[in-house]
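Basis for what follows: all heavy atoms, side chains included, without hydrogens, waters or symmetry-related copies.
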Amino acid sequence: MDDSPTSGPSLEPALHAARALVLADLAAGDVARADVVSLVEDSVSHRRWWVEQWPEGVAYVTGLIAQDVQDALLERYGRWPLCPVCDGPAEVGDGHTGHAGSDGEGGPDAGPHALEVEPELGEDPHWICGKKGIVIAPVGSLAPQNPAGGTGGTGRP
């Protein structure tokens, strides 16, 4: 019988909790579309394998999954989640969030910037504004975005 920390009671609840927290943040930004949720599922699968290789890392899966999804979104759609303190809300895939290799006009410091996960490899991950060094919210607790006086959505299906 395998009673390691990666089997049964500790790994699966940690992965389910991490999935739920990242999905909550995606929903807060109204970007939890099917293709984006698939990115979360891909990360969960990868991190399941990762924790099986390094059981002590189970406490870090929430932050790692958040970073994985953030990286995958950057490659496909643009920066997420955008800093609500510095830039205001914008939509993933709206053409204004920036894309990998493109910082738009004005150089790398111009335009919207994404929040960062801190600690990069640690427990209790938070979204922070890297420019101002302030904590915005724990992963899973981003506030809903209300673009241009709207009610929290992108207006897209």
Gln70 (side chain) donor-acceptor with Leu115 (main chain) under 3.5 angstrom: yes
Minimum-distance pair of heavy atoms, taken over all atoms of Ser141 and Ala137: O-CB, 3.5 Å
Polar side-chain atom of Ser38 near backbone of Ala34 as donor-acceptor pair, under 3.5 Å: yes
Spacing of CG belonging to Asp71 relative to CG belonging to Leu39, to within rounding of 0.5 Å: 11.0 Å
Within-4.5 Å side-chain heavy-atom neighbours: Val37 and Leu26: no
Min side-chain heavy-atom separation Pro119-His126 under 4.5 Å: no
Student check: side-chain heavy atoms of Cys86 and Cys129 closer than 4.5 Å: yes
side-chain hydrogen bond (donor to acceptor under 3.5 Å, both in side chains) involving Glu120 - partner list, sequence neighbours excluded: none
Pairwise side-chain contact, Ser45 with Glu41, heavy-atom cut-off 4.5 Å (strictly under): no
4.5 Å side-chain heavy-atom contact, Leu23 and Arg19: yes
Salt bridge (charged side-chain N to carboxylate O under 4.0 Å, His left out) against Glu118, all qualifying residues, sequence neighbours excluded: none
Nearest non-hydrogen partners of Ile136 and Pro84, listed with the distance: CG2-CG, 4.0 Å
Gln67 vs Glu116 side-chain heavy atoms within contact, under 4.5 Å: no
Hydrophobic cluster identity match, Val135 and Leu142, side-chain contacts under 4.5 Å: no
Under 3.5 Å: donor-acceptor pair, side chain of Arg76, backbone of Ala72: yes
Side-chain donor-acceptor pair present, Trp127, Asp25, cut-off under 3.5 Å: yes
Heavy-atom closest contact (Ala24 atom, Gly140 atom, distance): CB-O, 3.7 Å
Tyr77 six-ring centre to Arg33 NZ/CZ under 6.0 Å and within 45° of normal: yes
Non-hydrogen atoms of Gly130 and His113 that approach each other most closely: N-CE1, 4.4 Å
Set of residues satisfying side-chain contact (heavy atoms from CB on, under 4.5 Å) with respect to Leu21, sequence neighbours excluded: Thr62, Val139
Linked, directly or transitively: Ile128 and Val117 (ILVMFWY side chains, under 4.5 Å): no
Close aromatic pair by centroid cut-off 6.0 Å: Tyr60 and Trp54: yes
Between CG on residue Leu74 and CZ on residue Arg79, distance to nearest 0.5 Å: 7.0 Å
Gap separating the CG atom of Leu73 from the CG atom of Asp68, nearest 0.5 angstrom: 11.0 Å
Over all atoms of both residues, closest heavy-atom pair of Val58 and Ala14: CG2-CB, 3.7 Å
